[in-house]
Engineer: 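My questions all concern the structure below.
Because only heavy atoms are used, hydrogens play no part in the values below, and waters and symmetry mates are left out as well, while side chains stay in. So you know, we letter chains A, B, ... as the sequences are listed, proteins then strands, and number each from 1. Just so it is clear, the model here is predicted, and its values are computed rather than measured.
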There are 2 protein chains.
Amino acid sequence: MTADRSSSGNRRYDPDRKERIIEATLEVIAVQGVSGTTHRRIAEAADVPLGSMTYHFASLDDLIEQAFLKLTQEIAHHFDDAFRKAQTVDEAREAVVEVICGWFAVTERKMTLILELYAYVARNPQTRHVMTGWMAKSRQALERHFSPDVAASLDAMIEGASIHNFMHPDGISREAARLIVAKLTA
Amino acid sequence: MTADRSSSGNRRYDPDRKERIIEATLEVIAVQGVSGTTHRRIAEAADVPLGSMTYHFASLDDLIEQAFLKLTQEIAHHFDDAFRKAQTVDEAREAVVEVICGWFAVTERKMTLILELYAYVARNPQTRHVMTGWMAKSRQALERHFSPDVAASLDAMIEGASIHNFMHPDGISREAARLIVAKLTA
DNA sequence: GATTTATGCGTACAAACGTACATAGTGCAA
DNA sequence: TTGCACTATGTACGTTTGTACGCATAAATC
């Protein structure tokens, strides 16, 4: 439907096709879940022929893994940014609150993708490195401002609170989050 | 392969077949994920004919939802038990530590199922009641011993810490958990 | 024992799947 | 312009999927 490809003499110069396929994969997973993610749906979403799938990626699982890797890298990058900006411990505390109450909760898409990732990793141990890599980066970002133990507890709390806020509309308020963070970092 | 059904005149008196199908569904989801869960695999796991699937359940999604409901009810029941047994606040605190470090971490199967559930609910909003019901029960159990706000924070921490412990072998130790719980319930 | 009713199941079917591969198209060297 | 090496694609194949449905069979009633 996005035209361009089906018209204009077909074959086009398309240097970042691979990248676009990966992004389309995340889009499909977000809407259909891993269980509904197929070569054909991704190809349609990325506006590329079906043959491109097996040409650029060894298998569907290979593609899904690369998509999830990209997802975690992007999130980790934003996460790191947020804590790099913080100058004081108090600003870092506020950043944690923001991550819990503002950032994740806003984008249902991102949370859905993360949950799909967790389930996927749980069932495909060979992809666990995607998770451990992500967690290591998050931990590192938090350890700019907090001790390793406190960083670990904050990381876990961010995880749990994000999920709960996603599942339950009136989960944890900004004030409540502020109090929790204060307790954990006291 | 489990015999019995294929021999002995076939049709058998089987009053809790429906229940067994639900349990088999959880088994299949735990191993194959929702994405690999099919009528045929469930039927084989439950040792019932394929026809039984559409006879007892309106659709595959209907069956999956019922299976997840059963899962959450069982977990909530155990959870409630643990906190009902606690007589003092300190015992309740220790119960939280146990939930984080002992209980979930032990059974990979259970954690996998929970993560599959999250992903499923995220993508099927009409099944969100399964989650909200579960969360309400957990909250209730915690509120036997803690204020609503503290209960909420403990619940979130349990969530996040369990997941992190599952993904990363050396996640949060028992001592670390004890300290965190102490901080949150101070 | 005969007849009826309700329950359960084997089987078939169209649709969708992952993947392989012959072939068509394209930029580049000469 | 021609030839070549390489990239990309359309298509076909064998499986597996969810679901529907006609028929077999057990239980109930007389």
Engineer: Indicate whether OP1 or OP2 belonging to C:dC17 is found under 4.0 Å from a side-chain N or O atom of A:Thr38.
Structural biologist: yes

Engineer: Rounding to an integer number of Å, can you tell me how far B:Glu44 CD sits from D:dT16 P?
Structural biologist: 12 Å

Engineer: Are any of B:Tyr55's side-chain N or O atoms less than 4.0 Å away from OP1 or OP2 of C:dC9?
Structural biologist: no

Engineer: Quick one: is C:dC9 close enough that its OP1 or OP2 comes under 4.0 Å of any side-chain N or O from B:Arg17?
Structural biologist: yes

Engineer: Roughly how many Å is it from CZ in B:Arg40 to P in D:dA20, rounded to a whole number?
Structural biologist: 13 Å

Engineer: Measuring to OP1 and OP2 of D:dT9, would you say a side-chain N or O of A:Ser52 lies under 4.0 angstrom away?
Structural biologist: yes

Engineer: Measure the distance from CG on B:Asp61 to C1' on D:dT19 and round it to the nearest whole Å.
Structural biologist: 13 Å

Engineer: Okay, side chain of A:Ser147, backbone of A:Glu143: is any donor-acceptor separation there less than 3.5 Å?
Structural biologist: no

Engineer: May I have the distance from A:Arg41 (atom CZ) to C:dT19 (atom P), rounded to whole angstrom?
Structural biologist: 16 Å

Engineer: Reckon B:Thr37 touches a base, only the sugar-phosphate, or nothing at all at heavy-atom distances under 4.0 Å?
Structural biologist: sugar-phosphate

Engineer: C:dC9 P sits how many Å from B:Lys18 NZ, rounded?
Structural biologist: 14 Å

Engineer: From NE2 of B:His39 over to C1' of C:dA12, roughly how many Å is that when rounded to an integer?
Structural biologist: 16 Å

Engineer: Of all the heavy-atom pairs spanning B:Ala122 and A:Phe166, show the shortest one and how long it is.
Structural biologist: CB-CE2, 3.7 Å

Engineer: Aromatic contact between A:Phe68 and A:Tyr120, with the criterion being ring centroids under 6.0 Å apart: yes or no?
Structural biologist: yes

Engineer: Rounded to the nearest Å, what distance is computed from the CD1 atom of residue B:Ile42 to the C1' atom of nucleotide D:dG18?
Structural biologist: 11 Å

Engineer: Are the charged groups of A:Glu98 and A:Arg174 less than 4.0 angstrom apart, N to O?
Structural biologist: yes

Engineer: Closest approach to the side chain of A:Leu50, judged atom by atom: which nucleotide of C:dG18, D:dA8, D:dT11 is it?
Structural biologist: D:dT11

Engineer: So is B:Lys18 actually on top of B:Phe57's ring, under 6.0 Å and inside 45° of the axis?
Structural biologist: yes

Engineer: CG of B:Asp62 versus P of D:dA20: gap in Å, rounded?
Structural biologist: 13 Å

